[in-house]
Structure formats: structure tokens, C-alpha cells
Protein chains: 2
Amino acid sequence: MIVAVDCSVFGFDGQHLKILLIKRGFEPCVEEWSLMGGFVQPDESADEAANRVLKTLTGLSGLYLEQLQTYTKVDRDPIERTVSIAFFALIDIHQYEQRLNDQFHAEWFKLDEIPDLIFDHPQMVQTARQKLRYKAALHPLLFELLPQRFTLPLLQSLFEDVYETKFDKGNFSRKIISTGMLIKQKEKDRAGSKKGRFIISWIKNITGRTFTPS
Amino acid sequence: MIVAVDCSVFGFDGQHLKILLIKRGFEPCVEEWSLMGGFVQPDESADEAANRVLKTLTGLSGLYLEQLQTYTKVDRDPIERTVSIAFFALIDIHQYEQRLNDQFHAEWFKLDEIPDLIFDHPQMVQTARQKLRYKAALHPLLFELLPQRFTLPLLQSLFEDVYETKFDKGNFSRKIISTGMLIKQKEKDRAGSKKGRFIISWIKNITGRTFTPS
DNA sequence: AAAATAAATGTAAATATGACAATTAATACC
DNA sequence: GGTATTAATTGTCATATTTACATTTATTTT
């Protein structure tokens, strides 16, 4: 039986949460859109395979990567029996090397503009979205989508896009700051603002802190 | 590559949450304890394989079954490269047919008395426990471990065992009743109680209700 | 100086939590 | 019948959290 991995790669361009899809260059289903994937090799685990695939696609290592679920329907791949271990990955979209776009015919899509996908990839994407919301409500996760240095309004707009709602500015600020995960920098980001927004960064691997936006 | 399933089967005997383990009757690791598992056949999905395995082991169909995670370390099986899709199942321990015990050398273990297990099965069990707690806090799940008809004190002792803590009787009752999922029956269970406890049952598939015990 | 806007702070109602006490009800046992 | 036992429900109260909305302060551009 063939074992594959498929990755839902999320990014945030400052406006919207997006997902990275590729146009397949090989059979079956050439020229159709799909998640980026690959086969698990004899000498690697699924995590290693997913990391390898992501490195190839994005040029980045050490991305936030989480196993989602394994898809095993008998006829999910029309050619040969394949089970696919689905992952989702979070990346700082600005670190993504655009030159790789051409090589893999990759493109970022807004989540409400996703084209038809092959196989059970639509399901994978849906499950990935659900899990992202579910988990981000309890764990500091969405920071992975931002640059190391960002601003509070940007963070808020990310949360708002992920949860498709608006949050109160004051409450959001209080809550997010109370986690103790953010470090306010001296500098400001002056782009498109009179006063300028403080740059903040965050502490990875803080133990045990969880939060939910209000 | 070989694809297998392994199931953490949970039951509740009225006192403690327990897990069903088997003593392997075949190589590798004969006579060692392990989760019940099996190989995914060419004509079945992993869910179907898990259900088949569970049917064989417990005599029961339609158990609550949830995919956990897939384990893929290269050398996890010393004989041949095998990936294993881990599941956890919840069963009403009283429906379990004891006669199957002998056939599979199966035994129920309290969670703090689990023997050494083969391969990465200890990890699977740990992940299953975590997920059970995590999910049961937000979804009506633990009912699956009880008979169709049970009592409130029994439900509470189940929660207390799962979360290894005590809950306030009044608060627990208010909270659990406020979900609207319970139906109080006319009859009572008189075993070991002066007054007798009302039999209750629960409504499956109620939409969207979540709860956490206090 | 005026306008803009980020960031922080204030406040108040509504709701939830958690601990504990008290009451009511049903039944077994003497 | 009376008493003990325990299930089930209800009361209460302090505390914490959530949510909505308003205000203040600070910083910078024009």
C-alpha cells in the first residue's frame, strides 16, 4: 500500500488567511489544483516526509506542522491504493520564496475562493480549517503566521479573519497582553498610520499558557 | 508499506476507567501485552478495519470510534516497515462478551496499572487518554461508556475518574441537566441505595451542545 | 494648532464559576 | 410508625470572566 502525505499550508498576507495550492504537473489529474504532497519514503517518517515536501515547496524548514488525520478510503486515489496522512502547516507568507511559484505552479488562495481540488483534498482543507480554529482558541498558534515582528492591530486582524468576526480593540489588547507572551519593542511601524504602531514579538514555547480571544 | 490500525478501547466498570489489552499470540513479541490491532485490507478503509478489529475483539458493532493519529517512525515495528493508524473506542463494558477474553487473552486494566506494551503502544495510550479528556470537556462523549440507562451518581463518578478529581454534586447536576441531553425516567435503580437513583438516558446527536463539568 | 489614530484604561451589566449549606423526597430497616 | 440514609434539588454568596461601550492619553503628520 502506498503511504503519502498532503499538506494544507496556511499563510496570512495582512488582509486574509490564505492557503497554498499547486497545479499538478503529473498524472493523474494533470493541470488540476491540489494540496502539496508526496510519498513517504522507506527511510523517513511521515513528519519527515511532510517537512521535506514543505521544504521543497516553500524553501522553508522548521515550519509549524501538525498531523491532522489520515485519509484511507479505498478508491480515494483512482490509480493505486494510497492512504494519505494529512498535515497542516503555518508559515510566514513573507518568507515564502515567490520564485518557487513558477517551479511548482503554486498559488495562494483566499479560503472563500478555493478552486476545485482533486481526490479528497477539499475535505482535508475543511478539516484543516476547523482544526486551526479549534486549536487556536486554546493555544498560541496563529503567531506562526506572522513575521517575528508584528503589530497588535495586525494580530487582531488575523484573529478576526480566522474567526470571521470582529473583536473589541480594548478587550483584545487586554486579553492578548495578559498572556505574557508578547514583548513590546521600542520601535514602531509607521506604514500607513499617523501615530505608528508598536512592534511586538512573541515568546515561543512558553509553558502551559493558553488563551482565547474575546 | 504495511498499514495497520491499533485501538485503545476504553470501558468504565462503575468504579474506574479501564482499557482493554490483549496478550499477543503471535510474533513478534509473543506473550507481550499490546493494543488490539490488525492490518488494513485492500478492500477496506482504516475505519472499516478498526471496526472489524473491534467486532472481532468485543463482539460489538457501531462503537464510538475516533481516529487519533498515525504513527510512522521508520523502526517502530522491528520486523517490517509498518505505519499504524491509532484509534480510540468507547464501549459499554457490560456489553462486552467475557467469553472473548479467553479467545484473545484480553484483559481490562485500570489506567494506573497498565503493563508494559509493545512498540509505540504506550504513546498511543497516552495520546488516547489526553484526547479523551480534551474532547470530553467540550463534547458529550463519556456517555458512550455507560449503558443506555444509567444514573446521575454513576455519571458523576465516571467524570471524576476521567478527570481524576471530585466535582460538587449540586453544581454537577445543574450543569449536566442544563445541557438538555438527559432524560429522566420514571424508574429507579435500587441497588445499594436507600432512596434509589433515578434512571436517566441521553439523547445522541443533539446538535451543537457542548459542556464542561464544573 | 488640529486631525488622526494607536494604546491603554474605565466602567458596568450580564454571565459563569466554585464552594458550601440547606431542603425536600423516597425508601429501607428497626 | 419512626428513624436513618441518601438522592435530588435548590439557595446563596463571593469571585471571576465576558462583553459592550466609552474615555483618556500619547504620538505623530499635516
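Here is the naming used below: chain letters follow the sequence lines, and residue numbers restart at 1 for every chain. These numbers come from the heavy atoms of this one structure, side chains and all, not from hydrogens, waters or symmetry mates. All of these numbers come straight from a predicted model, not from anything done at the bench.
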Checklist entry - Any side-chain N or O of Lys184(B) under 4.0 Å from OP1/OP2 of dT9(D)? => result yes
Checklist entry - Listed by chain and number, what are the side chain to side chain contact (heavy atoms under 4.5 Å, CB included) partners of Gln130(A), not counting sequence neighbours? => result Gln126(A)
Checklist entry - What's the shortest heavy-atom distance between Tyr96(B) and Leu57(B), and which atoms? => result CE1-O, 3.7 Å
Item to check | B/S/- contact track for nucleotides 20-30 of chain D, protein heavy atom under 4.0 Å | outcome: BB----BBSS-
Next on the checklist: In whole Å, I'd like the distance from the NZ atom of Lys186(B) to the C1' atom of dA7(D).
Outcome noted: 18 Å
Next on the checklist: Contact between Asp77(A) and Phe119(A) at the side-chain level, heavy atoms closer than 4.5 Å - yes or no?
Outcome noted: yes
Checklist entry - Distance check: side-chain N/O of Lys175(B) vs OP1/OP2 of dA16(C), anything under 4.0 Å? => result no
Next on the checklist: With a 4.0 Å limit, can you tell me whether Ser173(B) has a side-chain N or O closer than that to the phosphate oxygens OP1/OP2 of dA8(D)?
Outcome noted: no
Next on the checklist: Under a 3.5 Å threshold, yes or no: a donor from one side chain and an acceptor from the other, between Asp189(B) and Thr151(B)?
Outcome noted: no
Checklist entry - What integer distance in Å separates Phe167(B):CZ from dA8(D):P? => result 18 Å
Checklist entry - CD1 of Ile199(A) versus P of dA7(C): gap in Å, rounded? => result 10 Å
Checklist entry - Considering only heavy atoms from C-beta outward, does the side chain of Glu66(B) approach that of Lys131(B) to under 4.5 Å? => result yes
Next on the checklist: Out of the candidates Ile93(A), Leu90(A), Val162(A), only one should pair with Leu17(A) under the side-chain contact (heavy atoms from CB on, under 4.5 Å) rule; please name it.
Outcome noted: Val162(A)
Checklist entry - Between Phe172(A) (CZ) and dA6(C) (P), how many Å, whole number? => result 14 Å
Checklist entry - In whole angstrom, what separates Phe150(A)'s CZ from dA7(C)'s P? => result 12 Å
Item to check | Value in whole Å for how far the C1' atom of dT9(D) lies from CD of Gln156(B) | outcome: 14 Å
Item to check | Asp13(B)/Lys18(B) salt bridge by N-O under 4.0 Å criterion | outcome: yes
Item to check | Whole-Å gap separating P (dT10(D)) and CD1 (Ile176(B)) | outcome: 16 Å
Checklist entry - Would you say Leu132(A) and Phe88(A) make side-chain contact, with heavy atoms under 4.5 Å? => result yes
Checklist outcome for this item: Correct closest heavy-atom pair for Ser84(A) and Val5(A) would be OG-C, 4.0 Å
Give every pair of a protein N or O atom and an N or O atom of nucleotides 1-3 of chain D that lie under 3.5 Å apart, one pair per line with the distance.
none

Checklist entry - Whole-Å distance between dA8(D) P and Asp189(B) CG? => result 10 Å
